Amino acid sequence: MDEFEELTGVPECLGRGYSRAMELLPGVWLNFLDIEYYQDSGMKVSAHEHLIQMTIFSSSFMGCSIYPLFGGSCSYFSGSGLSPAYIERYQGGQRITHINVEIDPDVLESAFLDDHQRKSDTIRQLFKGEEWKASFYPKVTPEMRSLVQQMWNVPYRGAAKRMYLQAKVLELLAIHLDLIAEDTAQNQVSLGLKPKTIERLHQARAILTTQFVNPPSLPELAQQVGLSHRTLQRGFQTLFDTTIVGYLKQRRLDQAEQLLRQGNRSVAEVALLVGYGHLGHFATAFKRRFGITPSQCLAGKRTSLLE
């Protein structure tokens, strides 16, 4: 521990572990979390103003009522703006380790961006002000994992340690910005879709990502994002190379695969959690996507999709 770090323990009634927080720069905060909960736990978070945030798990998973399951190959990257209320859920008996970075949007804009960058479609997604924030779920790359490991095992102390972590956080931010910039660039050449339509289609996908178990109907979704039913269907397939139904199925199966890997729920329980009412349909769809049955996944057999 250095003088710029603050250590907070976990209440003994919940589990064991700690949170190690620090302000690396004015408006840039880094937190290391290492906790093992004794039993299933949840934390309610009210709607609030949200900073720019990056979270990468080194072990285990965290469930959330409005987001995908974080952990494994799924990280979290969010812009600033307003965040809806949600509930975080943690599984008892599992050790959770992750790093979390929060950046004041004013600091990012004034200290690290030039005029050209501020006008880019990629950067503007990080500054929503009084609107709902934009969230992304980048796949964790080997480069990201290496950075996180280096941040957990800093070879320095004192001021050198702080400078080392500053550099790693900025490198991690650059990787995340590059990932969403690549996605944005692909969108710009998507068969003539207007920028406003692209933005609304991304909003539609965000809604489906967070509500894939009980999604809105197509007419409801079209109304929510301000598109016609036809434009929503055709634009979604053009932009994301899948239908809305196909995307929902993909999200449900990906979530099911991660839940089964945790090993503390039955196949039937997982099927219901991700929105499948028929166990046979779930097993067929799961095997078609991953090449193994849900039972084999629960037993720990690996698929070709896992690193």
Side-chain angles (χ1 to χ4, degrees), residues 4-8 18-35 43-58 62-68 70-71 74-90 96-114 117-138 140 144 147-148 151-152 162-163 165-181 183-184 199 202-203 206-207 209-210:
F4 58 88
E5 301 179 71
E6 181 179 348
L7 191 70
T8 304
Y18 65 88
S19 169
R20 182 162 56 94
M22 62 199 76
E23 185 173 17
L24 294 179
L25 294 164
V28 180
W29 298 271
L30 171 64
N31 182 63
F32 295 88
L33 186 78
D34 187 347
I35 294 177
M43 180 176 68
K44 293 182 178 179
V45 180
S46 302
H48 59 281
E49 294 184 2
H50 197 275
L51 301 174
I52 295 167
Q53 182 180 5
M54 299 180 290
T55 304
I56 301 176
F57 282 72
S58 300
M62 184 197 81
C64 182
S65 58
I66 64 171
Y67 298 124
F70 300 134
C74 181
S75 69
Y76 176 64
F77 181 41
S78 174
S80 60
L82 299 180
S83 170
Y86 59 89
I87 300 174
E88 292 181 357
R89 299 189 179 96
Y90 301 95
I96 298 172
T97 57
H98 75 234
I99 67 161
N100 183 70
V101 177
E102 294 185 329
I103 303 172
D104 187 315
D106 293 335
V107 170
L108 178 63
E109 184 176 26
S110 62
F112 300 105
L113 303 179
D114 58 32
Q117 291 171 321
R118 293 187 188 100
K119 295 176 182 178
S120 74
D121 293 333
T122 300
I123 297 299
R124 286 188 306 192
Q125 295 179 83
L126 303 181
F127 301 91
K128 290 295 186 178
E130 296 301 317
E131 300 177 12
W132 294 116
K133 64 184 177 65
S135 298
F136 310 90
Y137 316 100
V140 179
M144 291 162 65
L147 272 175
V148 170
M151 292 166 72
W152 273 101
R162 197 172 196 170
M163 292 175 63
L165 289 172
Q166 290 169 0
K168 297 302 176 183
V169 164
L170 293 178
E171 186 175 355
L172 198 59
L173 177 62
I175 292 173
H176 280 79
L177 289 176
D178 185 60
L179 288 172
I180 66 171
D183 187 49
T184 301
E199 181 180 342
H202 274 282
Q203 182 183 354
I207 292 172
T209 299
T210 59

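In this text the structure is predicted, and so the values were computed from the model without any measurement.
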Worked verdict on Lys133 versus Leu82 for side-chain contact (heavy atoms from CB on, under 4.5 Å)
CA-CA 5 Å; Lys133 64 184 177 65; Leu82 299 180; over 6 Å; no

Got Phe127 and Leu108 here, is their nearest side-chain heavy-atom distance under 4.5 Å?
yes

Does some side-chain heavy atom of Pro105 sit less than 4.5 Å from a side-chain heavy atom of Leu51?
yes

Can you list the steps and then say if Leu170 with Phe112 is a side-chain contact (heavy atoms from CB on, under 4.5 Å)?
CA-CA 10 Å; Leu170 293 178; Phe112 300 105; 4.0 Å; yes

Measure the spacing between CD1 of Ile99 and CZ of Arg20 and express it to the nearest 0.5 Å.
11.0 Å

Polar side-chain atom of Gln166 near backbone of Leu24 as donor-acceptor pair, under 3.5 Å:
yes

Grab the two heavy atoms, one from Lys128 and one from Gly81, that are nearest each other, plus how far apart they are.
CB-CA, 4.2 Å

In the structure I gave you, are the side-chain heavy atoms of Leu147 and Ile175 within less than 4.5 Å of one another anywhere?
yes

So do His176 and Ile56 actually touch side chain to side chain, heavy atoms under 4.5 Å?
yes

Between Ser75 and Pro138 (side chain of the first, backbone of the second, donor and acceptor by atom type, cut-off under 3.5 Å), is there such a pair?
yes

On a heavy-atom basis, the closest approach of Ser135 and Tyr76 is OG-OH, 3.7 Å

Give a yes or no on whether Glu5 atom CD has more than 12 heavy-atom contacts from other residues, nucleotides or ligands under 6.0 Å away.
yes

How long is the straight-line distance from CG of Asp104 back to OG of Ser80, given to the nearest 0.5 Å?
8.5 Å

Would you compute the distance between atom CH2 of Trp152 and atom NE2 of His98 and round it to the nearest 0.5 angstrom?
8.5 Å

Quick check for you: to the nearest 0.5 Å, what is the distance between Leu30 atom CG and Leu172 atom CG?
9.5 Å

Once you round to the nearest 0.5 Å, how far does OG1 of Thr8 lie from OH of Tyr18?
12.0 Å

Classify the angle between the aromatic ring planes of Phe136 and Phe77 as parallel (below 30°), tilted (30 to 60°) or perpendicular (above 60°).
tilted

Are Asp34 and Thr97 close enough that a side-chain donor and a side-chain acceptor fall under 3.5 Å?
no

May I have the step-by-step check of side-chain contact (heavy atoms from CB on, under 4.5 Å) for Leu177 and Ile123, ending in yes or no?
CA-CA 8 Å; Leu177 289 176; Ile123 297 299; 4.0 Å; yes

Side chain Arg162, main chain Glu23, donor-acceptor under 3.5 Å:
yes

Distance (rounded to the nearest 0.5 Å) between Ser78 OG and Leu126 CG:
8.5 Å

Heavy-atom check, side chain of Val169 versus side chain of Met151, under 4.5 Å:
yes

Give a yes or no on whether the backbone of Ala85 and the side-chain of Ser46 come within a donor-acceptor separation of less than 3.5 Å.
no

Counting C-beta onward and ignoring hydrogens, is there a side-chain heavy-atom pair between Val107 and Pro26 closer than 4.5 Å?
no

